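Notes follow once the structure below has been shown.
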Amino acid sequence: MDKYYITTAIAYTSSKPHIGNTYEIVLADAIARYKRQKGFDVYFQTGTDEHGEKIQQKAIAKGISPKEYVDDIAGQVKAIWDCMNTSYDKFVRTTDPHHEEVVQKIFKKLYDQGDIYKGSYEGLYCTDCEAFWTESQLVDGKCPDCGREVHIASEEAYFFKLSKYQDRLIEYIESHPEFIQPESRKNEMINNFLKPGLQDLCVSRTTFDWGIPVTFDDKHVVYVWIDALSNYITNIGYDPDGSSEEFNKWWPAELHLIGKDIIRFHTIYWPIILMALDLPLPKQVFGHPWLLSGMDKMSKSRGNVMYADDLVKLFGVDAIRYYVLHEIPFANDGTITYDLIIEKINSDLANVLGNLVNRTISMANKYFDGNVTKTNVTTEFDKDLIEKVNNLSENIEKRMNKLEIGAALDEIFEVLRRSNKYIDETTPWVLAKDEAKKDELQTVIYNLLESIRVSAVFLKPFLPETSDEILKQLNIENTEESFNDSLEYKTGTPSPLFQRIDKEKKLEEIENAQ
RNA sequence: CGCGGGAUGGAGCAGUUUGGUAGCUCGUCGGGCUCAUAACCCGAAGGUCAAAGGUUCAAAUCCUUUUCCCGCAACCA
């Protein structure tokens with residue numbers, strides 16, 4: 001059985017994640033569930049990144065310890081991941097003692113072998129804000145936070161010799177076109193960073209202490225890169241002194257799923273760290289687009305933040321899963337608004353899917369008391385329907401392999417639409433009036449039940465609860481991924497899967513609740 | 001001339017690699033049907049494919065120029 005190791009980025013615990021931050025875990029979940037269904041031995045890891053100056057500051061502002069602060073936020077992150085019904089195998093935290101210990105060993109190893117050296121970080125420093133800024137971050141040559149003058153300052157720091165591995169990395173990226181996805185990101189990395197030449201990376205800090213201490217120099221804490229990125233290996237048993245069997249089984253990861261904003265860290269710093277540790281590189285890094293609220297980036301200051309738990313309360317978990325999985329294109333940013341959510345629920349989930357299931361089971365019960373098998377009478381419309389059902393597996397796989405999740409969902413909905421059309425073509429209610437057409441009618445209902453069953457099976461990775469509910473209403477356990485001619489249905493009681501939503505009313509309700 | 005991506009009916013997208021009647025979902029309008037959640041099915045309106053020029057028998061698709069939008073331009077996770 002092939003293994004499949006998939007990760008999300010670990011969420012930074014500075015504040016509760018909004019729906020845009022939550023999109024990634026749902027995307028990863030759909031992929032993980034799909035791979036499991038395909039028979040892969042899947043390990044799906046997510047978690048939280050809990051160190052750093054920003055967190056230390058927030059904790060101080062709240063009058064609590066950093067650890068208390070991150071415990072609280074990590075709990076919120078986990079609760080959100082859980083409310084989206086995500087099936088991660090492990091939730092890691094960078095404050096786990098084991099992680100901290102291995103990070104220290106990694107840092108020491110890299111230092112001992114000469115990849116990390118002590119130097120000084122020189123940059124544009126704002127004394128009032130106690131922060132370094134880059135040239136491009138400055139506003140009119142002044143500190144972007146307070147507007148005061150900045151001056152050149154230096155700070156003792158450890159550096160990682162990125163340049164040493166630069167050529168190897170370029171060669172790797174160019175000989176593995178699937179490594180960075182989408183491809184345009186690959187060009188950005190090559191042209192902006194690799195070709196001009198990498199600067200050495202500052203990997204320790206002395207200006208704050210909420211981090212993993214450098215064992216041989218206690219003034220320093222390990223800066224985010226080595227700390228956060230190495231979560232992908234520390235938690236599956238990597239150890240510079242000898243890794244576990246588990247590690248050898250899972251590494252390298254098949255997929256790091258990350259936001260487009262941290263592609264650089266995952267396609268330059270991380271691979272180079274791995275090269276220095278003499279470890280293989282992950283097979284693929286996918287920098288997914290963002291979910292925007294209307295036209296804007298979601299942010300508290302804009303007041304347009306949506307949280308997954310609120311949305312789930314309003315619309316149900318599968319409706320939100322469907323929305324984020326379906327509406328976000330492969331390469332461009334997606335949009336989320338209440339209006340669009342409601343429109344999607346009504347048109348796709350209630351009308352196309354829900355109503356199809358409802359009307360089909362109703363007919364099975366009405367015409368056959370729910371007892372339906374295939375008869376030897378066929379109609380001229382059967383062939384096309386069955387063919388489409390049987391093509392689903394291959395079509396979905398093609399999409400999923402390219403990480404086109406929305407398009408994979410579309411494949412299923414195309415079959416559902418075809419099924420609705422099949423009902424109009426065969427007009428079961430007309431057949432029902434003629435006793436001589438009883439067998440034809442039964443075949444028609446059977447074909448519909450089978451189309452729905454197979455669709456439900458494929459829906460499972462995306463809408464797990466809905467998939468189960470459909471199979472429950474069909475009252476069938478078979479999960480074959482193709483059309484079966486010899487099942488014996490004894491359908492259950494139909495009940496709407498998704499209620500149509502009165503848009504005006506719902507929007508008003510939401511408005512009043514805020 | 002920093003690098004890269006994009007501009008397609010009211011909205012969101014596909015099609016551009018390998019030129020050949022412009023396609024899908026939603027919305028609008030008209031019709032049909034009644035098994036079903038005012039759902040479902042059919043049909044129609046609506047685009048000179050950002051602009052200009054060029055190559056070609058033929059260009060959304062190839063070339064050139066222009067305009068506009070977006071991402072990246074390194075220590076912020």
Side-chain angles (χ1 to χ4, degrees), chain A residues 9-15 21 48-55 121 123 131-137 144-145 157 159-160 162 182-203 205 223-225 227-229 258-265 268-269 287 289-290 326-327 329-335 339-340 343-344 346-367 406-407 410 413-414 417 419-432 441 444-445 448 494-501:
Chain A
I10 47 178
Y12 197 59
T13 46
S14 58
S15 57
N21 307 135
T48 42
D49 172 19
E50 309 190 348
H51 291 124
E53 190 170 18
K54 199 183 279 178
I55 285 167
Y121 179 72
F132 281 97
W133 303 104
T134 65
E135 196 92 35
S136 58
Q137 286 174 311
D145 269 9
F159 283 86
F160 189 96
L162 292 183
E183 205 184 339
S184 59
R185 302 293 165 186
K186 171 181 140 186
N187 299 327
E188 284 180 7
M189 294 306 123
I190 300 245
N191 293 329
N192 289 331
F193 300 103
L194 289 163
K195 287 269 169 69
L198 292 172
Q199 296 168 21
D200 289 349
L201 181 70
C202 175
V203 291
R205 282 293 149 99
Y223 196 44
V224 59
W225 322 120
D227 177 1
L229 290 167
I258 58 165
K260 63 182 186 181
D261 49 332
I262 52 174
I263 287 176
R264 189 172 81 237
F265 314 129
I268 295 181
Y269 304 160
W290 280 340
H326 183 257
E327 288 313 295
F330 176 73
N332 304 323
D333 289 338
T335 303
D339 262 60
L340 290 169
E343 279 168 21
K344 266 309 169 193
N346 283 346
S347 68
D348 292 1
L349 298 178
N351 294 355
V352 174
L353 170 61
N355 185 48
L356 172 68
V357 173
N358 198 248
R359 65 198 298 213
T360 300
I361 295 178
S362 294
M363 286 192 280
N365 291 345
K366 184 170 182 175
Y367 301 140
D410 275 339
F413 273 79
E414 202 171 304
R417 288 194 176 90
S419 302
N420 273 321
K421 182 171 175 168
Y422 177 81
I423 295 178
D424 274 64
E425 288 168 338
T426 55
T427 57
W429 54 91
V430 175
L431 300 178
L441 175 62
V444 165
I445 302 300
L448 284 165
S495 157
L497 296 168
F498 296 91
Q499 286 293 346
R500 277 184 63 81
I501 297 170

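Any value given below was found using the heavy atoms of this structure, including those in side chains, with hydrogens, waters and symmetry copies removed. Since the structure is predicted, the reported quantities are computational estimates derived from the model, not experimental observations.
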For a quick check of understanding: with a heavy-atom distance under 4.0 Å over all strands, which category does [X] fall into, base, sugar-phosphate or nothing?
X	result
A:Leu497	base
A:Phe413	nothing
A:Asp410	nothing
A:Gly259	nothing
A:Pro428	nothing
A:Lys54	sugar-phosphate
A:Gly52	nothing
A:Asp200	base

Q) Does A:Tyr422 or A:Leu162 map to a spot on RNA chain B nearer the 5' end, using the closest nucleotide for each? A) A:Tyr422
Q.
Nearest heavy atom decides the nucleotide; on that basis, is A:Arg264 or A:His51 closer to the 5' end of RNA chain B?
A. A:Arg264
Grab the [atom1]-[atom2] distance between [X] and [N] for me, whole Å please.
X	N	atom1	atom2	answer
A:Asn355	B:rU37	CG	C1'	6 Å
A:Asn346	B:rA39	CG	P	8 Å
A:Leu356	B:rA36	CG	P	14 Å
A:Trp290	B:rC72	CH2	C1'	11 Å
A:Ile423	B:rC35	CD1	P	12 Å
A:Gln499	B:rA39	CD	P	13 Å
A:Ile263	B:rC72	CD1	P	9 Å
A:Ile445	B:rC35	CD1	P	12 Å

Quick one: is [N] close enough that its OP1 or OP2 comes under 4.0 Å of any side-chain N or O from [X]?
X	N	answer
A:Asn351	B:rC40	yes
A:Arg185	B:rG5	no
A:Arg500	B:rA39	yes
A:Lys344	B:rC26	no

What's the closest nucleotide to the [X] side chain, out of [options]?
X	options	answer
A:Asn192	B:rG2, B:rU25, B:rC35	B:rG2
A:Glu188	B:rU25, B:rC72, B:rA36	B:rC72
A:Lys421	B:rU37, B:rC33, B:rC42	B:rC42
A:Val352	B:rC40, B:rC76, B:rU37	B:rC40
A:Leu198	B:rA74, B:rG71, B:rC40	B:rA74
A:Ala350	B:rC40, B:rC72, B:rU37	B:rU37
A:Lys260	B:rU37, B:rG71, B:rC35	B:rG71
A:Gln199	B:rU37, B:rA74, B:rC35	B:rA74
A:Asp424	B:rC35, B:rA73, B:rC76	B:rC35
A:Asn358	B:rA36, B:rA74, B:rC26	B:rA36

Please report the distance separating the [atom1] of [N] from the corresponding atom of [M], rounded so that it comes out in whole Å.
N	M	atom1	answer
B:rG5	B:rG15	P	15 Å
B:rU66	B:rC57	P	28 Å
B:rG32	B:rC69	C1'	44 Å
B:rG4	B:rG47	P	36 Å
B:rC40	B:rC35	C1'	10 Å
B:rG10	B:rC29	C1'	14 Å

(Q) Does the structure show a Watson-Crick or G-U wobble partner for B:rC35, both distances under 3.5 Å? Name it, or say none. (A) none
(Q) Using every non-hydrogen atom in the two residues, find where A:Pro494 and A:Asn358 come nearest and quote the distance to one decimal. (A) CB-ND2, 3.6 Å
Answer yes or no: is there a side-chain heavy-atom contact under 4.5 Å between [X] and [Y]?
X	Y	answer
A:Arg205	A:Glu53	no
A:Val444	A:Met363	no
A:Trp290	A:Asp261	yes

Q | Evaluation steps, salt bridge (Lys or Arg N to Asp or Glu O under 4.0 Å), between A:Glu414 and A:Arg417 | A | CA-CA 5 Å; A:Glu414 202 171 304; A:Arg417 288 194 176 90; over 6 Å; no
(Q) For the CZ atom of A:Arg359 and the CG atom of A:Asn420, what is their distance to the nearest 0.5 Å? (A) 5.0 Å
Q) If you measure only the distance, is there a donor-acceptor pair under 3.5 Å linking the side chains of A:Arg500 and A:Asn355? A) no
